[in-house]
Amino acid sequence: MRIARFSIDGNVAFGAVEGDKPDELVLDIIKGIPFADYQLSGTKVPLSKVRLLPPVLPNKVVAYGRNYAEHARELGNEVPDTPFAFFKPSTSVIGPGDAIQYPSFSSDLHHEAELAVVIGRMCREVPRERVKDVIFGYTCAIDVTARDVQKREKQWARAKGFDTSCPLGPWVETDLDPSDLTIQLTVNGQQRQLGRTSEMIHSIEDLIVHITEAMTLLPGDVILTGTPAGVGPLAVGDEVAVTIEGIGTLTNKVVKRG
């Protein structure tokens with residue numbers, strides 16, 4: 001099931017996305033919230049009549065770096081033996097169609113296409129065999145990075161955590177095998193990144209076991225799983241789109257901050 005979060009007439013709701021053709025998609029509005037018991041209301045609205053929002057509002061976004069060997073090498077980094085985690089704050093999250101604001105403190109903004117895992121229940125110290133039980137679904141993400149700031153500052157908080165640096169969407173796909181999906185990113189229609197989730201060094205199970213050894217994850221929290229090779233610069237006016245097999249396409253435009 002594809003579950004979207006949207007606004008219409010000033011109200012915010014969740015809905016199940018129905019249909020196959022982009023111009024014929026409709027939302028069956030959900031009674032309740034998707035992380036608890038819920039029902040489909042049967043009240044349907046065309047997707048074209050609503051504004052899609054970030055599919056979740058995470059308490060935290062846990063991101064993993066250098067989880068694709070070719071990406072690590074393209075930036076001159078060693079492939080890590082263990083998962084390498086950092087955080088993006090909740091204020092970095094935006095939805096499909098929202099503007100990525102080019103930060104004033106950077107002159108080298110980069111795109112990184114990623115598969116995002118959405119957590120469905122509170123969990124801690126998750127054993128490998130139970131990882132699937134805590135996953136709600138999957139969505140597309142862009143880890144927007146101020147590469148020059150990342151290089152000169154030891155901590156990545158500003159380089160990867162600035163406002164609008166974590167687009168998510170367009171919805172969450174709850175029924176998906178994430179083990180071997182195509183990830184593609186385009187800028188202004190030109191392909192920049194192309195990879196498969198099977199190229200991950202550390203699997204989704206590895207990542208969730210790793211982070212829940214240290215902290216509790218809450219419903220709606222997001223795990224970014226790393227980016228394939230091909231990262232590169234973004235400029236004001238660029239339209240960047242991530243397409244992940246079985247999920248859909250997330251599109252955002254870069255604008256000047258201010």
Side-chain angles (χ1 to χ4, degrees), residues 5 7 51-68 71-72 74-77 84-118 139-170 183-193 195 220-244 249-258:
R5 181 171 163 269
S7 66
R51 177 191 171 199
L52 287 179
L53 302 174
V56 290
L57 290 177
N59 174 270
K60 54 187 170 292
V61 177
V62 182
Y64 279 91
R66 302 170 188 170
N67 199 28
Y68 288 73
H71 167 60
E74 74 179 343
L75 295 182
N77 297 312
F84 181 81
F86 59 94
F87 293 98
K88 295 173 82 77
S90 59
T91 48
S92 68
V93 173
I94 58 175
D98 291 340
I100 298 168
Q101 297 181 15
Y102 203 117
S104 58
F105 56 86
S106 173
S107 59
D108 190 20
L109 199 65
H110 278 209
H111 57 75
E112 298 188 8
E114 310 213 5
L115 173 69
V117 182
V118 179
T139 193
C140 305
I142 309 172
D143 176 14
V144 186
T145 302
R147 192 71 71 199
D148 50 350
V149 179
Q150 182 188 25
K151 290 177 180 177
R152 70 173 179 256
E153 297 183 1
K154 293 183 179 180
Q155 296 290 333
W156 294 0
R158 296 204 317 148
K160 288 178 171 283
F162 59 89
D163 291 355
T164 75
S165 66
C166 189
L168 297 175
I183 301 179
Q184 177 178 255
L185 181 141
T186 63
V187 176
N188 302 326
Q190 299 298 311
Q191 183 177 289
R192 292 274 191 88
Q193 292 183 262
D221 280 351
V222 170
I223 311 293
L224 302 188
T225 58
T227 191
V231 301
L234 292 169
V236 171
D238 283 346
E239 184 177 83
V240 56
V242 174
T243 301
I244 300 181
T249 299
L250 167 68
T251 304
N252 300 86
K253 191 169 183 177
V254 183
V255 303
K256 183 178 180 180
R257 187 172 184 177

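These values consider heavy atoms only, across backbone and side chains, with no hydrogens, waters or symmetry-generated copies.
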From [X] [atom1] over to [Y] [atom2], what is the distance, rounded to the nearest 0.5 angstrom?
| X | Y | atom1 | atom2 | result |
| --- | --- | --- | --- | --- |
| Ile94 | Cys166 | CD1 | SG | 8.5 Å |
| Cys140 | Gln184 | SG | CD | 11.5 Å |
| Asn252 | Ile142 | CG | CD1 | 5.0 Å |
| Ile100 | Asp163 | CD1 | CG | 13.0 Å |
| Asn188 | Lys253 | CG | NZ | 8.5 Å |

[X] versus [Y]: any side-chain heavy-atom pair under 4.5 Å?
| X | Y | result |
| --- | --- | --- |
| Leu168 | Pro55 | yes |
| Asp238 | His111 | no |
| Pro103 | Leu109 | yes |
| Arg257 | Phe105 | yes |
| Trp156 | Thr145 | no |

Using atom types as modelled and distance alone, determine if a side-chain donor or acceptor of [X] lies under 3.5 Å from a backbone N or O of [Y].
| X | Y | answer |
| --- | --- | --- |
| Thr164 | Gln101 | yes |
| Lys88 | Asp143 | no |
| Arg5 | Pro54 | yes |

Using the side-chain contact (heavy atoms from CB on, under 4.5 Å) rule, pick out the option among Val118, Val61, Thr139 that qualifies with Val56. Val118

Could you work out, with ring-ring contact (aromatic ring centres under 6.0 Å, His included) as the rule, every residue matching Tyr102, not counting sequence neighbours? none

Summary of side-chain hydrogen bond (donor to acceptor under 3.5 Å, both in side chains) pairs that have at least one residue in residues 221-235, sequence neighbours excluded: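 Of all non-adjacent pairs touching residues 221-235, those that pass side-chain hydrogen bond (donor to acceptor under 3.5 Å, both in side chains) are Lys60-Asp221, Gln193-Thr227.
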
Applying side chain to side chain contact (heavy atoms under 4.5 Å, CB included), name anything that partners Ala85, two or more places apart in sequence or on another chain.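 Partners of Ala85 under the side chain to side chain contact (heavy atoms under 4.5 Å, CB included) test: Val62, Tyr64.
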
Can you list the residues that meet the side chain to side chain contact (heavy atoms under 4.5 Å, CB included) rule with Pro89, with sequence neighbours excluded? Thr91, Ser92

To check you understand the geometry: which heavy-atom pair defines the closest contact between [X] and [Y], and what is its length?
| X | Y | answer |
| --- | --- | --- |
| Gly95 | Leu250 | C-CD1, 4.4 Å |
| Val242 | Ala113 | CG2-CB, 3.7 Å |
| Pro228 | Gly195 | CB-CA, 4.0 Å |
| Ala116 | Leu224 | CB-CD2, 3.7 Å |

By salt bridge (charged side-chain N to carboxylate O under 4.0 Å, His left out) - contacts of Glu239 (at least two apart):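 Residues passing salt bridge (charged side-chain N to carboxylate O under 4.0 Å, His left out) with Glu239: none at all.
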
Do other residues, nucleotides or ligands put more than 12 heavy atoms under 6.0 Å from the CD atom of Gln191? yes

Any salt bridge (charged side-chain N to carboxylate O under 4.0 Å, His left out) pairs touching residues 102-118, not counting sequence neighbours?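 Matches after skipping sequence neighbours: Glu112-Arg147, Glu112-Lys160.
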
